Structure formats: C-alpha cells, structure tokens
Amino acid sequence: MRLAFLARRLGFYLAAAVAAIGLNFLLPRLMPGDPSSAIVEELERVSGQQVPAETLMSIRAIFGNPSDNLAQQFVDYARQLSHGDLGVSVVNFPVPVADLVLQALPWTLLLVGATTITAFAIGTLLGVVAGWKAGSRFDAILTPFTTFLSSVPYFWVALLALWVFGFVLGWTPLSGGYDADLPQGFSFAYAVSVLHHGLLPAATIVFSAFGGWLLGMRNMTVTTVREDYVLLAQAKGLSPRRVMFRYAARNAMLPSFTGFAMALGGVVGGALLTEIVFSYPGIGYLLYEALQKRDYPMMQGVFLLITLAVLLANLVADLAYVLLDPRIRAKG
C-alpha cells in the first residue's frame with residue numbers, strides 16, 4: 001500500500017513538474033515583447049542606428065527567434081533544460097542564467113532558510129505553551145500581541161528597522177550582503193561581515209514570521225488538549241511536560257508541519273521584500289532586477305527554479321506525513 005501511495009504521489013508531482021515547465025515556456029511568449037527584440041531596441045537606442053542583419057541573426061541565435069514555430073521553440077527549450085542550460089542573461093550578457101542563479105542561491109538559502117527554521121521553532125514552541133495554558137496571563141499577553149504583529153505589513157517593519165538601526169543608530173549596514181572592500185572567500189573578517197550585514201534582515205523576518213506559526217500552533221493545541229488520548233495520559237499520572245509535548249504537541253503540529261514544508265519550498269524564491277529593502281544579493285533581488293530590466297531568460301530561470309522547489313517541498317511533506325500520521329498509512 002505504501003508503494004502504491006508513493007507511486008501515485010510521484011506520478012502526480014511529475015505531471016505537475018511537466019505542466020510547470022510548459023507554463024514556464026509559454027507564459028513569457030504570451031507577454032508583449034521578447035528578449036531578442038528587447039536587445040535590438042536597446043542597441044538601436046544606444047547607437048542611434050539600425051542593427052545590422054548579421055548582428056540580428058546572432059542575437060536571435062542566442063535568445064531565440066519569436067517568429068519560429070512554437071513547437072520547435074519548445075523542443076529547443078526542453079533540450080536546453082535537459083543540459084541544465086537556463087539560457088543567457090540579457091542584462092549580464094554573456095553570463096549564463098544558471099551561473100547567476102548559483103551565485104545568488106547560497107545567500108538566499110543562508111538568510112531565508114535559517115530564519116524560516118528559527119521562526120518556526122520559536123513560534124511552535126511558544127504556541128504549544130500558550131495553547132496548553134490557554135487563558136493564562138502568558139496566553140492573554142502573547143496571543144493579542146502576535147495577532148497584532150501578524151497584521152502589520154512586513155515592509156513597514158523592515159523599513160522602520162532599517163531607519164532606526166541602520167540610519168539613526170548606525171549599528172547595521174544599510175544595504176548589501178557583505179563589505180565590498182573585503183575579498184570574498186573563507187576568512188574570519190569576511191564571515192563577520194556577512195553576519196553583520198545579514199543580522200537585521202534576519203531579525204526582521206523572524207520578528208514578522210514567528211507570530212503566524214505561534215497562532216496556528218496555539219489554536220491546534222487548544223483543540224488537541226481536549227482529545228481523549230490526552231485526557232487518558234493525564235489520568236495515568238504522566239508528567240505535564242510529557243503529556244504536553246509527546247501527546248498534545250506531536251499531533252497538533254501536523255498542520256503546521258505541512259505549512260513548514262511549503263515555507264521551506266518557498267525559501268528558494270527568497271524573501272522578495274526583504275532582499276529589495278536591504279538590497280540583499282539573493283534570488284529575490286535577482287528576480288527584482290530581472291523584472292525591472294526585462295531580462296526574460298533570467299525571469300524564466302528563476303520562476304522555474306522556484307516552482308520546482310515548491311513541488312519538491314510538497315512531495316517531501318507528503319512523504320513525511322505518511323511517517324508522522326498512522327491514519328495516512330492505514331488509508332494507503
């Protein structure tokens with residue numbers, strides 16, 4: 001039964017991945033303009049002359065010819081993807097999109113990955129305690145505060161923190177991921193610079209995100225503590241801490257775990273607002289620049305990466321659910 005369940009889920013996500021690749025190919029071609037025309041227009045604007053026919057042919061050979069048959073374009077696109085080729089960046093020509101993505105990805109994984117895990121851990125732990133002690137002073141203070149916190153737009157928090165700690169107090173840098181005067185590499189000074197630049201963006205993400213995890217976990221815990229198996233555990237005289245974490249929290253966190261897995265999938269896309277506000281050199285900022293400068297191959301590459309990462313995270317969540325919830329295993 002488990003193998004059948006696994007095969008069905010793998011088949012579903014494989015079909016979703018194929019559909020995502022097809023949409024990723026099709027959507028940019030439904031939009032007005034194309035990479036070749038954008039480059040030709042820019043060259044003609046800068047030089048004030050019409051682009052020679054030989055140059056036009058070279059540009060179309062690299063970025064594709066919009067007048068080609070759509071099926072042939074898709075075959076060429078699929079052939080490129082099979083070799084890990086995401087095309088060439090228009091703005092950073094002739095740098096491949098894959099190279100730029102690989103340069104930006106570690107920054108995003110470091111910042112957004114670490115803060116997502118931290119916010120989930122803090123929110124889940126405090127949510128269990130608040131739900132277990134529902135109605136207590138701890139719950140009465142923390143729950144309204146986090147409700148208010150969750151309703152505040154993130155960019156307000158980020159801009160306010162940047163103004164106070166970066167501009168007024170001067171404790172943190174105003175932008176960037178490291179000190180540009182330092183050579184990049186494995187050195188103590190460079191590591192300290194990276195941590196210094198990432199501290200404020202990371203703090204704003206955790207501060208804004210942990211409230212959502214807390215509220216969800218708190219409400220699920222309030223529901224779970226009334227279940228028969230929790231009451232039976234209490235009646236058997238087990239310690240409150242064991243009942244709270246092993247019986248109540250373990251079952252209450254199943255919905256949160258699904259959300260956590262999806263949040264991890266979204267890590268690849270970066271925290272777009274965070275990276276824009278702090279000019280942090282991650283995937284989100286890369287996408288922002290691509291959108292501003294109409295870098296179609298870059299947009300296409302980043303969108304595909306984000307989509308596949310989310311699908312992979314959902315697949316992992318499905319498989320983990322089978323291990324965590326016996327009812328799923330029973331249903332197959």
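Computed from a predicted model, the values in this text were never measured in an experiment.
Counting only heavy atoms from C-beta outward, the side chains of T108 and Y285 never approach each other to under 4.5 Å. Inter-residue side-chain proximity for Y247 and L238 is flagged as met; some heavy-atom pair is nearer than 4.5 Å. Two residues are said to be in side-chain contact when any heavy atoms from C-beta on lie closer than 4.5 Å; K133 and D139 fail this criterion. Within the 4.5 Å cutoff, the side chain of V243 has heavy atoms near those of the W132 side chain. Two residues are said to be in side-chain contact when any heavy atoms from C-beta on lie closer than 4.5 Å; T115 and F210 fail this criterion. Using a 4.5 Å heavy-atom threshold, the side chains of L126 and F138 count as touching. Counting heavy atoms from C-beta outward, L162 and F167 have side chains that stay 4.5 Å or more apart. P96 places none of its side-chain heavy atoms less than 4.5 Å from the side chain of L86.
Between F25 and F74, the distance from one ring center to the other falls under 6.0 angstrom. Between Y178 and W107, the ring center distance clears the sub-6.0 Å criterion.
Of the possible polar contacts, none joining the D99 side chain to the V95 backbone as a donor-acceptor pair under 3.5 Å is found. For the pair H196 (side chain) and W171 (backbone), a donor-acceptor distance under 3.5 Å is present. The backbone N or O of A121 lies less than 3.5 Å from no partner atom in the side chain of T124, so there is not a single donor-acceptor pair. Between the side chain of T223 and the backbone N or O of N219 there is at least one donor-acceptor pair closer than 3.5 Å. Checking side-chain atoms of D179 against main-chain N and O of S193 turns up no donor-acceptor pair under 3.5 Å. Of the possible polar contacts, one joining the S239 side chain to the R242 backbone as a donor-acceptor pair under 3.5 Å is found. The backbone N or O of A20 lies less than 3.5 Å from no partner atom in the side chain of N24, so there is not a single donor-acceptor pair.
Inspection of the Y154 and T274 side chains reveals an N or O donor paired with an N or O acceptor under 3.5 Å.
Following chains of ILVMFWY side-chain contacts shorter than 4.5 Å, one cannot reach L312 starting from I117, and the two form parts of different hydrophobic clusters. In terms of hydrophobic clustering, with Ile, Leu, Val, Met, Phe, Trp and Tyr side chains grouped at heavy-atom distances under 4.5 Å, V18 and L81 are assigned to different clusters. Hydrophobic clustering (side-chain heavy atoms under 4.5 Å, transitive across Ile, Leu, Val, Met, Phe, Trp, Tyr) groups L305 together with Y77. In this structure, M244 is not a member of the same hydrophobic cluster as V222, with clusters built from ILVMFWY side-chain heavy atoms closer than 4.5 Å. With hydrophobic clusters built from ILVMFWY side chains whose heavy atoms lie under 4.5 angstrom apart, F145 shares a cluster with L160.
Taken from CD1 in I21 to CD in Q300, the straight-line distance is 11.0 Å, to the nearest 0.5 Å. If you take CG on L200 and OG on S175, they are separated by 12.0 Å, rounding to the nearest 0.5 Å. Rounded to the nearest 0.5 angstrom, E289 CD and M298 CE are separated by 9.0 Å. To the nearest 0.5 Å, atom CG of residue L308 and atom OH of residue Y13 are 13.0 Å apart. Rounded to the nearest 0.5 angstrom, L100 CG and S89 OG are separated by 5.5 Å. The line from CG of L291 to CG of L287 is 4.5 Å long, rounded to the nearest 0.5 Å.
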Inset, instruction - Decide yes or no on side chain to side chain contact (heavy atoms under 4.5 Å, CB included) for V194 and L110, but give the supporting numbers first. - result: CA-CA 10 Å; V194 170; L110 176 67; 4.1 Å; yes

Legend entry - side chain to side chain contact (heavy atoms under 4.5 Å, CB included) between L159 and W163, intermediate numbers included: CA-CA 6 Å; L159 289 174; W163 179 71; over 6 Å; no

Inset, instruction - Start with the C-alpha gap between I205 and L111, add the side-chain angles, then the distance that decides, and say whether side chain to side chain contact (heavy atoms under 4.5 Å, CB included) holds. - result: CA-CA 9 Å; I205 294 176; L111 175 67; 4.3 Å; yes

Legend entry - Derivation and outcome, side chain to side chain contact (heavy atoms under 4.5 Å, CB included), residues F245 and L125: CA-CA 9 Å; F245 287 107; L125 181 61; 3.8 Å; yes

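Looking at every heavy atom in both residues, L231 comes nearest to V225 through CD2-O, 3.9 Å. Across all their heavy atoms, F303 and T307 have their closest contact at O-OG1, 2.8 Å. Of all non-hydrogen atoms in T204 and A158, the two that sit nearest each other are CG2-CA, 4.2 Å. Annotation for F278 and P201: closest pair CG-CG, 3.6 Å, computed over non-hydrogen atoms. When all heavy atoms are compared, the tightest approach of L286 to A104 is CD2-CB, 4.1 Å. Residues R218 and A134 approach most closely at NH2-CB, 4.0 Å, considering heavy atoms.
For the side-chain contact (heavy atoms from CB on, under 4.5 Å) with I283, the lone residue among L105, L109, V112 that qualifies is L105.
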